[in-house]
Amino acid sequence: MNDEHPPLADHPLTRARLEKLERIRRAGLDPYPVKFERTHRSAELHAAFGDLPPGTETDQVVSVAGRVRLLRSFGRLVFVTLEDASGRIQLFVEPNTVGESFDHLELVDLGDWLGATGRVMTTRKGELSVKVTDYAILAKGLRPLPDKWKGLTDVEARSRRRYLDLIVNPDSRRVAVLRSKVVSELRRQFDARGYLEVETPVLQTQAGGALARPFVTHHNALDLDMYLRIATELHLKRLIVGGFEKVYEIGKVFRNEGIDSTHNPEFTMLESYEAFADYHDIARLVEEVLPAVAEAALGTTEITYQGRPLSLRPPYRRVRMVDLVGEELGVKAPHRLDRERLAEEAARRGIAVDPGWGAGKLVEELFDHLVAPRLWEPTFVLDHPVETSPLARRHRDDPDLTERFELFVAGSEYANAFSELNDPLDQRARFLAQARARAGGDDEAHPVDEDYLQALEYGMPPTGGLGIGVDRLVMLLADRHHIREVILFPTLRPEDP
RNA sequence: GGGUCGCUAGCUCAAUUGGCUAGAGCAACGGACUCUUAAUCCGUGGGUUGUGGGUUCGAGUCCCACGCGACCCA
């Protein structure tokens, strides 16, 4: 045995469990049976028999199954607390009822999966229990669970071994469930509005649709370097060219950048595109979808985030980025100031200025540093500079700005939307400007995508587009302040390099 | 990328200025117990103190490098 399981046999705690596994087999029992027929989940028993008075014995025979979370032995009477996905139920096990298999209870450890059949009863103290006539080990655990009271607290261990976190920390299970509700409600909202859910390629020969560094991989048969997508935008807009009027996609995108409390290299985005809509229409869409998601996930639009109350009830404030920055600088139209003046203003406020930045980028940097952190209630920040928005159409009233908004809540960005740029010649000019930035050393600049330009040249109708960062949204609704708390398996360095 | 802090038993944590054989609770093992709720009681075992070097009579503690992580800043 020791030769077959060296790591487990090496440690006293796991060796003891291996020995029990052998004893289970020697007793003619299967430690990993294929099937157990259960009749009730714990929550169903509590719902059906929750009002039984103490000391009741019923004739109702039920079968339950779950993981052993607590085990209390009084010699000839044993209490076992089983946990399934719905909650906990106590087993009442005594030799009179269960017979010879009572002795096999000593082979059961905390963490094992157990199935039990018996009659519903309450103890003298009133605890709803199953008085066991038969039970079976459904899966023998070979490693000890974390402390049954203190649990698992180390954030690294909780992320690396999420299954343990989920076993012992109910909060972690709640966040995972909340995330699922958010995603399904998002889907429901767009489906209900007649949007077509589509899938676009993750592997691309060019990574566009956002300003970010991509992951590179290699296709062997084609002998071709490929990129993991950094956005779904350009393919979804090709579908609008193709004649679909409302499309959306919820999917993972990948950005090759650092990991911190709001960034994971792979994260989940929702993007939607609607023909004949402009960014004002999209803002109204967001004002409908966001409260609906909050209602579905939490039952309310009035939430608490970082200890402060926050209302997601529309309407949301609308304000132009250049007005917010202008207020800060005491000028009227900051994007018309010359670059040097803006660079000076930024530097004076402690912002590290890159010599490659133009006036537009400087305005946006000033906004990000000076204004954004102060925006608590949901706010649509409108009309970004052309320089930083290569896929948004020029503003109908100001050619230096675009028809774009970002939704800010609690100091962070939650949505990004534009009236899409559908002028193929302007789009080409914007790509070329990005190419110059790339040549100047900006490796996040957008590449020139000839295939996308060709699609635009066939004509894309006026279109409104939207992107929502799903992970951030879950963080907001779950009141979690680190992205790894809302991603079940966040990106981590390997433990043993 | 920079700074600060952390890494001790399966889990949660101790260990005084560098000084006895690195302790405790849970978990494990042995025993008692037919109404517990983190059951209780008695007893036992369990450690390469993240890794590798160094200083010292003596290192969990001090120094250096590396690994993994946390927080803050860019």
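First the proteins, then the strands, lettered A, B, ... as listed; each starts at 1.
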Inset, instruction - Name the nucleic acid region contacted by A:Gly151, choosing base, sugar-phosphate or nothing; use a 4.0 angstrom heavy-atom cut-off, strictly under. - result: sugar-phosphate
Atom pairs under 3.5 Å, N or O on each side, protein against nucleotides 43-50 of chain B: can you list them with distances?
none

Inset, instruction - List in numerical order all residues of residues 130-147 of chain A for which some heavy atom is under 4.0 Å away from an atom belonging to RNA chain B. - result: A:Pro144, A:Pro146, A:Asp147
Inset, instruction - Could you tell me whether A:Glu328 and A:Arg374 have a side-chain N and a carboxylate O separated by less than 4.0 Å? - result: yes
Inset, instruction - Take atom CZ of A:Arg76 and atom P of B:A39, then tell me their distance rounded to the nearest Å. - result: 21 Å
Legend entry - Pairing pattern in dot-bracket form [Watson-Crick, G-U; both distances under 3.5 Å; | = partner strand] for RNA chain B: (((((((..((((.....[...)))).(((((.......))))).....(((((..]....)))))))))))).
Inset, instruction - Give a yes/no answer on whether the side chain of A:Lys20 brings an N or O atom under 4.0 Å of OP1 or OP2 in B:C29. - result: yes
Legend entry - B:U37 phosphate, OP1 or OP2, under 4.0 Å from A:Arg88 side-chain N/O: no
Inset, instruction - May I ask you to verify if any side-chain N or O of A:Arg158 is less than 4.0 angstrom from the OP1 or OP2 atom of B:A70? - result: no
Legend entry - Residue-level proximity of residues 358-369 of chain A to RNA chain B when a heavy atom falls under 4.0 Å: none
Legend entry - Phosphate OP1/OP2 of B:G67 contacted by A:Arg493 side-chain N/O (<4.0 Å): no
Inset, instruction - For B:C26, take OP1 and OP2 only and decide whether either is under 4.0 Å from a side-chain N or O of A:Lys150. - result: no
Legend entry - Validation row, ring centre A:Phe367 to ring centre A:Phe408 under 6.0 Å: yes
Legend entry - Selection: residues 89-99 of chain A, any non-hydrogen atom under 4.0 Å of RNA chain B: A:Gln90, A:Phe92, A:Glu94, A:Asn96
Inset, instruction - Could you tell me the separation between the CG atom of A:Asp154 and the C1' atom of B:A70, rounded to a whole number of Å? - result: 9 Å
Legend entry - Listed once per pair and sorted, the salt bridge (Lys or Arg N to Asp or Glu O under 4.0 Å) pairs that draw on residues 474-492 of chain A, sequence neighbours left out: A:Arg158-A:Glu485, A:Asp171-A:Arg480
Inset, instruction - Answer yes or no: does a side-chain N or O of A:Thr81 lie under 4.0 Å from OP1 or OP2 of B:U37? - result: no
